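Take a look at the structure set out below.
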Amino acid sequence: MLPFLKALPAAAAAGDTLVVVTGTTINSLDLHRTGTNRPSYQVAVNCYDRLLTFGTKTMPDGTLAYDYDTLKPELAESWEVAPDGMSVVFHLRANATFWDGTPVTAEDVKWSLDRAVTVGGFPTTQMQAGGLTEPGQFEAVDDKTVRIRFHRPSKLTLPDLAVPVPFIINSKVARANATADDPWAMEYLHRNPAGSGAFRVERWDPGQQLVYVRNDGWTGGPLPGVKRVIIREIPSQATRRALVERGDIHLSYDIPAKDARELAAGGKVPVVGTPVENCLNVLCPNLSFEPFRDKRVRQAIAWAIPYEDIFRNAGYGRGAPMWGGAASSDSIAWPQPSPYTTDYDKAKALLSETAFAGGFEVPLSFDLGTAEWGEPTALLIQEGLAKIGIRTTIDKIPGANWRTVALVEKKLPLHLENFGGWLNTPDYYFYWAYVKGNLFNSSNYDDDEMMKLVDETLHMRMDDPAYAPKIRRMITKAFDDVPRIPLWQPSFEVAMRPDVAGYQFWFHRVPDVRTLGFRQA
């Protein structure tokens, strides 16, 4: 740390370089790779283009955020949906090139989308959410024209093309580095991005830093305001706070709620806090663990959580409470508060009806990468559950391993999780978090009625008369079965020097550095 701290102020002062610090670890440069963690998604955002992107809106406090309801061109300069709603044609920018100077062609787009729907895991499931399931749906009509065919019309297909997953790769470079055992060049692209995006990776030191350098030939949007961006990984939140308070770095990304509250109150460091749409911090009882197969045990846990203490001491009051809602509601807004509150008598009564009336032991896990809220939350839950005879040992899992053990292997009996749905509809959240086998269903919840409701609503128009009743039933069932216990809706917090301009909140919650720059003196 000492060499970094000595050298950093000079680097931060350079007019063409912007320094960002984060507490999370980047473990791959290829979002499609199995086990790639969320902090790594930023490479797909900054180094690659997608056919589409989302627009920008101004929030009530004057800050900027993405606009889910507005789609804009990125690699495609225009598009037309067929009159029958069963296909779309994209026209690529004529002057779009990859970093090596070769033109971006429709064949590159087809190869990249073929890859996304084929490699499996999170990328393929994400594409399926938009109704994109197999390579036969993608056609290179000519060098600059791509047709995508739909199996059925869906409200999610076009927005799904604007999320980080369907990024466009230089297929010529990828194919040259593919093998018979690795036809999609997963090993090569893990360390060597090959895109057309606003920045190239100049250097990656895993666990330490990622350095971007601007692609001056980018055509997907306005040229970024800085030539180089350094993303420094600093696990210590105290160090990150000290650096931004002293002005030694430009922007501290995803800061703890406590720091956000205190820095905002101090008035010297600008703080932007944005509620994360379609997102919840939750406690997940895993149904593969014997006691949690009885929903009365899960409900007992939901009544034994000290919600207010958690929101005050882990969330620092930033965000929105997600407990104490109406027992039944006509609203289809998501997220919405669950009907649970802190009621130890009710929790004990429920537990006494089960085979586990005497309590049991269970590990309670959280991601060290989110320790600023995870650790105090875990301690308070441990205290609450002890009052009904459930004894927990706290298990701290390194951030680099979290995704694999919690989401891929799904083997943690009781754990804290945070998931925000990229496509801002309730059915999309439930698709990821309540359908058996999908990545963020870390509770191993498996229910035929829920799967049917998700399947019926996922592609349905929101103004369809059948949509709202099905969503209301989905929410009611989620609160009754409680495979995920809502705690609070978080606010995403970023602190920056006063001279930084252009910050915009994005649903993916990774640094999009393409719009960042410096205010004019």
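Everything numeric here is computed off the predicted structure, so don't read it as measured data.
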Next item on the list: Begin with the C-alpha distance, continue with both residues' side-chain angles, and end with the deciding distance and a verdict on salt bridge (charged side-chain N to carboxylate O under 4.0 Å, His left out) for Asp447 and Lys477.
Entry: CA-CA 10 Å; Asp447 183 87; Lys477 186 166 182 57; 3.3 Å; yes
Next item on the list: Would you check, one step at a time, whether the test side chain to side chain contact (heavy atoms under 4.5 Å, CB included) holds for Val229 with Val226?
Entry: CA-CA 7 Å; Val229 179; Val226 292; 3.7 Å; yes
Checklist line | side chain to side chain donor-acceptor pair (under 3.5 Å) between Asp181 and Thr179, worked out | finding: CA-CA 5 Å; Asp181 294 332; Thr179 66; 5.4 Å; no
Next item on the list: Evaluate side chain to side chain contact (heavy atoms under 4.5 Å, CB included) for Val20 paired with Ile230, printing each intermediate quantity in order.
Entry: CA-CA 6 Å; Val20 178; Ile230 301 170; over 6 Å; no
Item checked: Worked verdict on His190 versus Leu29 for side chain to side chain contact (heavy atoms under 4.5 Å, CB included) -> CA-CA 5 Å; His190 166 55; Leu29 305 185; 5.9 Å; no
Next item on the list: Start with the C-alpha gap between Val494 and Ile255, add the side-chain angles, then the distance that decides, and say whether side chain to side chain contact (heavy atoms under 4.5 Å, CB included) holds.
Entry: CA-CA 6 Å; Val494 173; Ile255 66 174; over 6 Å; no
Notebook entry, point to check: Do Tyr445 and Phe292 pass the ring pair (Phe, Tyr, Trp, His ring centres under 6.0 Å) test, and can you show the C-alpha distance, the side-chain angles, and the key distance before you say yes or no?
Noted result: CA-CA 10 Å; Tyr445 178 63; Phe292 297 149; over 10 Å; no
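Put simply, NZ on Lys227 and CZ on Arg214 are 6.0 Å apart, with the number rounded to the nearest 0.5 Å. Atom CZ of Arg38 sits about 12.0 Å away from atom CG of Leu31, to the nearest 0.5 Å. For the atom pair Thr342 OG1 and Ile310 CD1, the distance stands at 7.5 Å (nearest 0.5 Å). The CH2 atom of Trp373 sits 14.0 Å away from atom OH of Tyr316, with the distance rounded to the nearest 0.5 Å. A distance of 3.5 Å separates OG of Ser196 from CG of Asp49, quoted to the nearest 0.5 Å. To the nearest 0.5 angstrom, Leu51 atom CG is 6.0 Å from Leu113 atom CG.
Of the possible polar contacts, one joining the Arg240 side chain to the Ile234 backbone as a donor-acceptor pair under 3.5 Å is found. Judged by distance alone, the side chain of Thr22 and the main-chain N or O of Ser252 form no donor-acceptor pair under 3.5 Å.
In this structure, the side chains of Val272 and Thr274 come closer than 4.5 Å at one or more pairs of heavy atoms. Within the 4.5 Å cutoff, the side chain of Phe356 has heavy atoms near those of the Glu290 side chain. Side-chain contact between Asp67 and Thr56 is absent, with no heavy-atom pair separated by less than 4.5 Å. Side-chain contact between Val201 and Cys47 is present, with heavy atoms from C-beta onward closer than 4.5 Å. Taking 4.5 Å as the limit, some side-chain heavy atom of Leu380 sits within range of a side-chain heavy atom of Asn313. Thr157 is listed as a side-chain neighbour of Leu132, based on a closest heavy-atom distance under 4.5 Å. At a threshold of 4.5 Å between non-hydrogen side-chain atoms, the residues Thr404 and Asn401 do not count as touching. Side-chain atoms of Glu417 and Asp367, non-hydrogen and from C-beta on, never get closer than 4.5 Å to each other.
Across all non-hydrogen atoms, the minimal contact from Arg241 to Leu263 is NE-CD2, 4.0 Å. Pairing each heavy atom of Met127 with each of Val117, the nearest pair is CB-CG1, 3.8 Å. Pairing each heavy atom of Val500 with each of His250, the nearest pair is CG2-O, 3.5 Å. Here the shortest heavy-atom pairing between Pro39 and Ile26 reads O-CG1, 4.0 Å. The two residues Ala347 and Ala300 make their nearest non-hydrogen contact at CB-O, 3.2 Å.
Of the residues Ser443, Cys284, Pro285, the one that meets the side chain to side chain contact (heavy atoms under 4.5 Å, CB included) test with Arg298 is Pro285. Applying the side chain to side chain donor-acceptor pair (under 3.5 Å) test between Ser442 and each of Lys410, His415, Arg403 identifies His415 as the sole match. Considering Thr392, Ile397, Ile394 in turn, Ile397 is the only one that fulfils the side chain to side chain contact (heavy atoms under 4.5 Å, CB included) rule with Ser365.
Residue pairs meeting the ring-ring contact (aromatic ring centres under 6.0 Å, His included) criterion with at least one member in residues 266-285: none, sequence neighbours excluded.
Looking at Arg293 and Asn286, their side chains never bring a donor and an acceptor atom within 3.5 Å of each other. Counting only N and O atoms by type, the side chains of Thr125 and Asn438 include no donor and acceptor under 3.5 Å apart. Using a 3.5 Å distance cut-off with no hydrogens or angles, the side chains of Asn278 and Tyr428 do not pair a donor with an acceptor. A side-chain N or O of Thr63 and one of Asp61 form a donor-acceptor pair less than 3.5 Å apart. Donor-acceptor pairing under 3.5 Å is recorded for the side chains of Gln126 and Asp160. With 3.5 Å as the limit, one finds a donor-acceptor pair spanning the side chains of Asn37 and Ser40.
Ring geometry, Tyr66 versus Phe507: the interplanar angle exceeds 60°, so the pair is classed perpendicular (tilted spans 30 to 60°). Phe430 and Tyr434 have parallel rings, their planes meeting at less than 30° on a 0 to 90° scale where 60° marks the start of perpendicular.
Side-chain rings of Phe54 and Tyr68 approach one another, their centers coming within less than 6.0 Å. For Tyr253 and Phe492, the ring centers sit closer than 6.0 Å to each other. Here the two rings, on His32 and Phe122, have centers that are 6.0 Å apart or farther. Two rings, from Trp184 and Trp111, have their centers less than 6.0 Å apart.
For Arg203 and Asp205, the salt-bridge test passes: some basic side-chain N is under 4.0 Å from an acidic carboxylate O. Ion pair Asp30/Arg115 flagged as a salt bridge, since at least one NZ, NE, NH1 or NH2 atom sits closer than 4.0 Å to an Asp/Glu carboxylate oxygen. A salt bridge is defined here as a Lys NZ or Arg NE, NH1 or NH2 lying under 4.0 Å from an Asp or Glu carboxylate O, and Glu308 with Arg312 fails to meet this definition. Electrostatic pairing of Glu202 and Arg228 counts as a salt bridge here, judged by a charged N lying under 4.0 Å from a carboxylate O. The residues Glu493 and Arg318 are annotated as salt-bridged, a charged nitrogen and a carboxylate oxygen being separated by less than 4.0 angstrom. One finds a salt bridge joining Lys57 and Glu277 here, because a Lys/Arg side-chain nitrogen approaches an Asp/Glu carboxylate oxygen to under 4.0 Å.
Remark: Asp512 pairs with Val45, Asn46, Trp506, His508, Arg514 by the side-chain contact (heavy atoms from CB on, under 4.5 Å) rule, at least two apart or across chains.
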For residues 482-490, dump all side-chain donor-acceptor pairs below 3.5 Å to protein atoms at least two apart in sequence or in another chain.
{"from": "Arg484", "atom 1": "NH1", "to": "Phe440", "atom 2": "O", "distance (Å)": "2.9"}
{"from": "Arg484", "atom 1": "NH2", "to": "Tyr429", "atom 2": "OH", "distance (Å)": "3.4"}
{"from": "Gln489", "atom 1": "NE2", "to": "Val276", "atom 2": "O", "distance (Å)": "3.0"}

